[in-house]
Structures are given as C-alpha cells and as structure tokens.
Amino acid sequence: MNFIEKIMEKQRPLFEKGGKLERFYPMFEAGETILLWTNERTKKGPHIRDGLDTKRFMMTVVVALLPVLIFSMYNVGLQHFKAIGQTATFMDAFSFGAWKVLPLVLISYAVGGLWEVLFAVVRKHEVNEGFLVTGLLFPLTLPATMPLWQAAIGITFGVVIGKEVFGGTGMNILNPALTGRAFLFFAYPGRISGDQVWTAFHSSTDKLVDGFSGATPLLVASNATGETATHALTTHGFSFMDMFYGFIPGSLGETSTLMILIGAAILIITGVGSWRIILSTFLGGLFMGWLFNVLAGPENSPIMSLPSYYHLVMGGFALGAVFMATDPVSAAQTSKGKWIYGFLTGLLAVLIRTVNPAYPEGMMLAILFMNVFAPLIDYYVVRANIKRRLSRA
Amino acid sequence: MSDFKLKKGFDIRLVGEAEKRIVELPAPKMVALKPQDFRGLKAKLEVHEGDTVKQGTPLFYAKSNENIKFVSPVSGTVKAIKRGERRALMEIIVENDGQNNSEKVDVPGREGIKTAGREKLQAVMMQGGVWPFIIRRPFSKIALAGDTPRDIFISGMDTGPLAPDMALVMEGLEDDFQAGIDALAQMTEGKVYLGIDSRAKSAVPAFNQATGVEKNYFSGPHPAGNVGVHVHHVKPLKSGEVVWTVKPYGVAMIGRFLKTGLFPQERVVAVAGSSVKEPVYYKTITGVSLEDLFAQNGITDEEPRYISGNVLTGTRVLKSGFVGFYDNLVSVIPEGPKERKLLGWYLPGFKELSHSRTFMSRWFPSRAYKVNTLLHGADRAFVMSGDYESVLPMDIYPVFLVKSILANDFEEMEGLGLMELDEEDVALCSYICPSKYDFGGIIRQGLDIVEKEG
C-alpha cells in the first residue's frame, strides 16, 4: 500500500455508513478516485473491462483545451499592451493575462464544483467528471473583463439549470457551459457584447492609444458600411492570418483558431471528439457563407460578401465547433444525425451572424438551438432504422 | 454462398494463447453437470446423492419438457448435489469409477440418419442428452421440440479472446460433423447455414468437406464469428421467426451420438490465459473438474480467476468448479491487483489494453496484452456516443436499444433489434463502455420482458 493510499484508507471510515461525515461520501469518493485508480473488480462477464473511464474521457478534453487556455493568457496581455500602446515581452503579456484568466477559471471551478458536489450529496450519487470540462470551457467563452461575481452566477446557472435540473450529466439537453454563457449574455449584455469589453484595461489609469476601438473582427465586419467587409477588417488591422493565429480581441478561448485546431487534432486522434460533427459544422458554415456570397448584391450589407472561410476564424465559430457542438451528451448520437446536426449548426451560426445586425455572434445560439433539435434528428434516424428492420426481406 | 467482409468490431488479443497441440488427460476423477449452463432451465432431479449412474443415465430433466434429459457423461456415483441461492441447482457431481458402463439409446445409426425423420431423431436426441446442444434464437435458450425453425445456423468460427483453434477442436470429427448436419437438415424446412472464417490460417476439413449446407464466408474482427452476427447478415430474423443455432462441436456430438447411441463424453478443452503455466489443448471429458483439468499444469498467479469460456462471455468458476457444458475453453487471468495505482486512470497506458485511442496501446494493434479483472472505473451515466456502434457489426443502435429497455418500452425495443441479439453479441459494448454499463444484462432483461409478455 502506498503512502497516499494509507492516508485515504485512514479517512475512509469517517465517510462511510455510520461515519461522522457520511453525507459527504461523494466528495470523498471524487477526491479519492482521482488520486488512486479504483481496484474494484468485475463480478461476472465481461470479466475484463476497458481501461477507459469517464475520468480519462473528460480529462482528454481538458488536455485538448490547454493550448487554448495558455494562448488566451498570452493574448489577453497582448491586447492590453496593444491598447495602451506599449510593447511588452512575451512574459509580461503572459503574466498580465494569467492574472485576468486564472481567477475566472478558478471561480468557475470553485463555484460550479460546489454545485456539482451539493447535488451529488443530496442525490447520493457520485460526482460526475463532466464538470472537469464544463468548468474550464465556461470561462473560455467569457471576455477577460468579466466581473468574477457575474462569472460565478453564470456557471451556477449553467450547472444548475443547464444540467442538474435535467438529472445531471448524461441527461442534460443543453451544453451547460454555453447555457451559462447565454444566461450572462441576456442578463448582463453590457459585459459580454459591444466593443468595450474585449480588452482588459483600467479606464482610469490606462491611457489608450489613438484610434483604439476594441471591436472584435466580427463586429467590424458586421458593422462595415460603404466598403467591403475584408477591407474594413484590414483597416482595423485584422488580417486573415492574425485571426487564424488569434492575435485579436474576443472571448478568452475563441481567438486562436490555430490553438483550437490543435485541440481538435487531440480530440479526433484520441476519438474523444466526433470528427463528423467538427467537419460538418465547418462545412455548414462554409456552405452558408458561400450561399450569401452568391446572393449578395451591392445593396446588401457588406458582411454578406465576406469570404466564407473568414467566418471559420472569426468569433466563436471554431471554439464552438470543436469543443461545444461535440459535447457527446447534448449533440446528436447517431452517425447520420451527427452529420446533420453539425452541418445545421455551422449553417445557422453564419446565418445569424449575417442577417441579424443586433447580434453578430451566432455560434452560441446556433449550438444551443441545435442541442434542442439533436434528439429530434436522432429520433428520425432511429425511426428509419426501425422501418428498415420491418421492411427487409 | 456469399462473402461477408465485416469491418466493425474489436479483436481482444491476450497473452497466453494455447499452444496448438492436444494432450490426452487421464480419466478425470470428477465431472459435473451444471443446470445453470442452460439458460432459463428449470431442472428436475432424477437422481439422489449416492446413486450409481452410467454414462448416459439422466441426472435431471427440463421441467418444461420432461423428455429433454441431461445425462451423466461418465459412469460412477452421484457424489454431491450442490444448491445455491433459493435452492437453485448448481452442480450435480459424479465421481468417475472408470468402468465405462453405459446406457445406450436405440439410434438410427450412420446409415439411418437421413431416413429416420424428424420425430424419431428428436426423440432419441432428447433421450440421449444431446438435444441441449441446439439453441433457439431469439432468446438463446434450448430449442423447443415443437418449433420448426426457419433455418439452422452453425458458426464455424470463433473470434473471441483466446478462442480455441477450430481446426484442432474439430480434428477427426469430420464424419461426426456431417452426420450431425444430416440430422439437423431434417429439422428445418429452410436451410442449414455454415459460416466459415475466410481468413482462417488453417482450414478446417470438417467444414470444407461438409455437404448439404449453404456455406458463407466471413472475415473481420470480433464479433465477426458470432452466430448472431451471421444470422443478421445472411438472413435476419423477422418478428415471430425462430432459427436454431448449434456450435460446430455440438453438431459433431449430435452426429456421433446418432451413430453410436452413446452420449459423446469426449471433449477437447483449451486452457489459456496469462495465468496458465502451460497453455495447451486437453482431450478430456465433458464437465471435467478444474482439479482434473489442471492436474498436469500450473497457475502462475497467486489469485487467478477461472472462467469457463472466454473472458468476455464466459462463466466464472471456482478452483473447485467444473467446465461448462458448451465450452471448449477455460481462460485463467489474474484478478485485479488490490494495490491502487496513483493517478492510474491517466497514465499513458502502453500496457493497458483498450479500445480507446487515448491509450498508447491502441497504436500497437498487433501486440498481445496481459489483462486482469479490474473494472477500471465506476458506474456513470452514458457520456460516449458512436463508439458502441463501432464494435457491433449489425445495423443496430445499441445505446438507443438499451435505453428503450431501461424505459420498458416494449415496441421500441423490438423495433430496434432486440430479438437479433444476445449477451455475447453486445459483450464488446460492455467492454468498451467508460460508464461501465452491463449491456448484456440489460439485453437479457429486455429479452425476458418480451418472452414473458409475448
């Protein structure tokens, strides 16, 4: 027995039936099984079981998110020093950003985790590992300037209303992280939209450079008048490659398409994320963008003529396609269903961006909308399977 | 004749495959018949402890049909009758006296099989104890005498972990196998289908020479050899239809019995798995005790698990237990270690067999792995999607099916293909499940509901 095992075994009686802290057994179980792999054995056939469990499954998503998280810390700093017209070293930018990003991540894990454990204790079931992902994904959808108390309210709403009221992980219809973000978006629109929130600075002490706008590329493209959207982007200093690498203002995790693609590669290679959903979401976005290009006339708003591949690197499209639309619980579950679900998600996102002038970020609502429709898509795929069974010779 | 190339599935490659040679064991001291081997059987005893029995003497019969007898494989004394929970019959143990006294049944003989007719054949097969080799689908229980199956399916391949080599198991049984087919052909108005492994390293003469069957060729990872998969692809079960399935060894045993009138006591059993000192094939007797089976062998692990059958679908037996009626394999693997690995669930996993590519082992597809009985996780809600379909080579959505069973949705479960499945077909779904669902148990729960209601 190793050292940690000894410590854990010493505490165990406290939490087991009859122990003083019996009610908090789910907390003990969660901590203990994270530290030490279970030694529970199979009782009957199958006598052997795969090494994969939900912890490893979810942790793989967390690992895939790490490049995004680390880049976001750097970029928050970069945008800050750009706004005040200073050049900063990588470490300066990174540490500035870390001070903005890490509190949001910590508050998300702490408050969300508290709810998670509370529900586990009341319902007497184990703490579900899905929270490992939700707790990290949620802050990455927020701007760096989000007040911590609002983030706490957001993750509370996401976990409680987005997940627990449906019965917990595995039963939820909506992606909990996005539910939380949507709540904040409608409750505190001033803190999560417009052009003032994406860059972190102190309005009283920091002196902004001339011509600083703070608008995200998506906002720039959407508000462009009298010039092409790409031209508007260029005059604001957003080249396609900048947007691809992620040196642009925006929500923490959404800016760098490159980092998101690294995450996508991890998800696809390990088989944890559905390549069907990721691919079809991108295809749906490209298709809709292309369709608008074809339909666009000179009298239409310039964003209609934005080359469709721009959509993929702007706003939350890539982050949503790779990490939110693929949430296996709230997405479609059948292979055919995944193609339809992903394609429509991408299509809707670009549709909302293009035709809704008040709200240029369509990805969040597109995914939530398709979350609601995923069971319906699956329903028809499954019906077709039943019909096929009845009709075969 | 068709060629089916199946892609879905997963081969579980384990250390300790049996060496391809047959060792003849001395006559075992103890053998047993285990009523629990026969799914859904209510057994009625015909003997008491201390009774003298012969090879072929009925030990018990089926309550549902008293003509279906289960006979002693050897002559000797009924040493013990063991009962389990709620007095369920577990083991009827016979001590072998080595005299080979036998009770013969009046059978048609090799020449008479083709002309004997269904009624006569069924009657003697039941009396002689070989009827239970025939399994009916759906439900995977012993065939009902009154049924006329649409077809009869024989799978001549076993793709399961550490599966015994068909060529070795069927060696010398060519004519017995043919005799069995001749008999079975009279039980159905349809065809007898034989599924053959098109990649088989060593061809099986018994299968290649067989006549009066329609041969289909299959290739692909496990469970490509499952008879349920063959039925699904060759001619799927429709509502209300019944097919029978027989394992090839069972076909040969039926044939031999109809030739001789003696219960065919002989059985080739492979002992395999990483805990077995010398994995090899033994020629011994049906229902042999593990003590006899391992008399000349050794176990390398301190705490092994003995499994009659393969590690996915086999039955756990004790060291003092016996080999199952249908099994040609005993797998022995170490029990999971008590010592818990620090952060073990997130190690790279070079040595951990897994279907998931989050484990490095998945990137070395041809290596064999050592496994133990750890559950590797705990019960959780479903979170993974899509992977279950990838290990079930049928047009079936296992998770939707399982959810319909848990919701007790009678029509839905039938519509989603419940009747085409049994435990062994979904064993890989349970194996790969990160939420550790027992698909087989739930499928059986559904089959029980359907059988009861309809």
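None of the values given here were measured: they were computed from a predicted structure. Each chain gets a letter, A, B and so on, in the order its sequence line appears, and its residues count up from 1. What's counted below: heavy atoms across the whole structure, side chains too, no hydrogens, waters or symmetry copies.
For A:Arg276, no part lies under 4.5 angstrom from a heavy atom of chain B. For chain A, no part of B:Lys351 is nearby; none of its heavy atoms comes within less than 4.5 Å. Only the side chain of B:Glu420 comes within less than 4.5 Å of a heavy atom of chain A; its backbone N, CA, C and O stay farther away. Using a 4.5 Å cut-off between heavy atoms, B:Leu237 touches chain A through its backbone atoms (N, CA, C, O) alone. Proximity to chain A is absent for every atom of B:Ser361, based on heavy atoms less than 4.5 angstrom apart. For B:Pro161, no part sits under 4.5 Å from any heavy atom of chain A, backbone or side chain. Heavy atoms closer than 4.5 Å to chain B are found nowhere in A:Lys387, neither backbone nor side chain. For chain A, the nearby parts of B:Leu312 are the backbone and the side chain; heavy atoms of each come within less than 4.5 Å. For A:Ile269, the parts sitting under 4.5 Å from any heavy atom of chain B are the backbone and the side chain alike. B:Asp438 touches chain A through backbone and side chain together, each having a heavy atom under 4.5 Å away. With a threshold of 4.5 angstrom between heavy atoms, B:Ile333 approaches chain A through side-chain atoms but not through N, CA, C or O. Contacts between A:Ile268 and chain B at a heavy-atom distance below 4.5 Å involve the backbone alone (N, CA, C, O).
The shortest distance between side-chain heavy atoms of B:Val391 and B:Tyr431 does not fall below 4.5 Å. Using a 4.5 Å cut-off on side-chain heavy atoms (C-beta onward), B:Val399 and B:Cys429 make no contact. By the 4.5 Å heavy-atom criterion applied to side chains, B:Leu318 and B:Tyr306 are not counted as neighbours. Between A:Ile386 and B:Leu416 the shortest side-chain heavy-atom distance falls below 4.5 Å. In this structure, A:Glu116 and A:Glu129 have side chains that are not in contact, with every pair of non-hydrogen atoms separated by 4.5 Å or more.
Between chain A and the options B:Asn310, B:Asp387, B:Ile432, the largest number of non-hydrogen pairs under 4.5 Å is found for B:Ile432. Interface remark: of the candidates B:Gly417, B:Ala427, B:Gly441, B:Gly417 forms the most heavy-atom pairs closer than 4.5 Å to chain A. Between chain B and the residues A:Ile266, A:Thr334, A:Asp378, A:Leu390, the most heavy-atom pairs under 4.5 angstrom are made by A:Thr334. Across B:Leu14, B:Thr313, B:Ile12, B:Leu347, the residue that shares the most heavy-atom pairs under 4.5 angstrom with chain A is B:Leu347. Ranking B:Val371, B:Leu353, B:Asp395 against chain A, the residue ahead of the rest is B:Asp395, based on heavy-atom pairs under 4.5 Å. Counting heavy-atom pairs closer than 4.5 Å to chain B, the top residue among A:Arg389, A:Glu40, A:Gln333 is A:Arg389. Interface check for chain B: of the options A:Thr38, A:Leu52, A:Val329, the most heavy-atom pairs under 4.5 Å are formed by A:Leu52. Looking only at heavy-atom pairs under 4.5 Å with chain A, the residue among B:Ser356, B:Ala381, B:Gly415 that has the most is B:Gly415.
Atom-to-atom distance recorded for A:Phe57:CZ and A:Leu132:CG is 12.5 Å, nearest 0.5 angstrom.
Remark: the backbone N or O of A:His47 is not paired with any side-chain donor or acceptor of B:Arg305 at under 3.5 angstrom. At distances below 3.5 Å, not a single donor-acceptor pair connects side-chain atoms of A:Thr134 with backbone N or O atoms of A:Ala177.
Using bins of under 30°, 30° to 60° and over 60° for the plane-to-plane angle, the ring pair B:Phe364/B:Phe350 lands in the tilted bin. Ring geometry for A:Trp115 versus A:Phe119: interplanar angle of 30 to 60°, hence tilted. In this structure, B:Phe439 and B:Tyr437 have perpendicular ring planes: the angle between them is above 60°, well past the 30° mark.
For A:Arg56 and B:Phe359, the positive end sits near the middle of the six-membered ring, less than 6.0 Å away and at most 45° from its axis.
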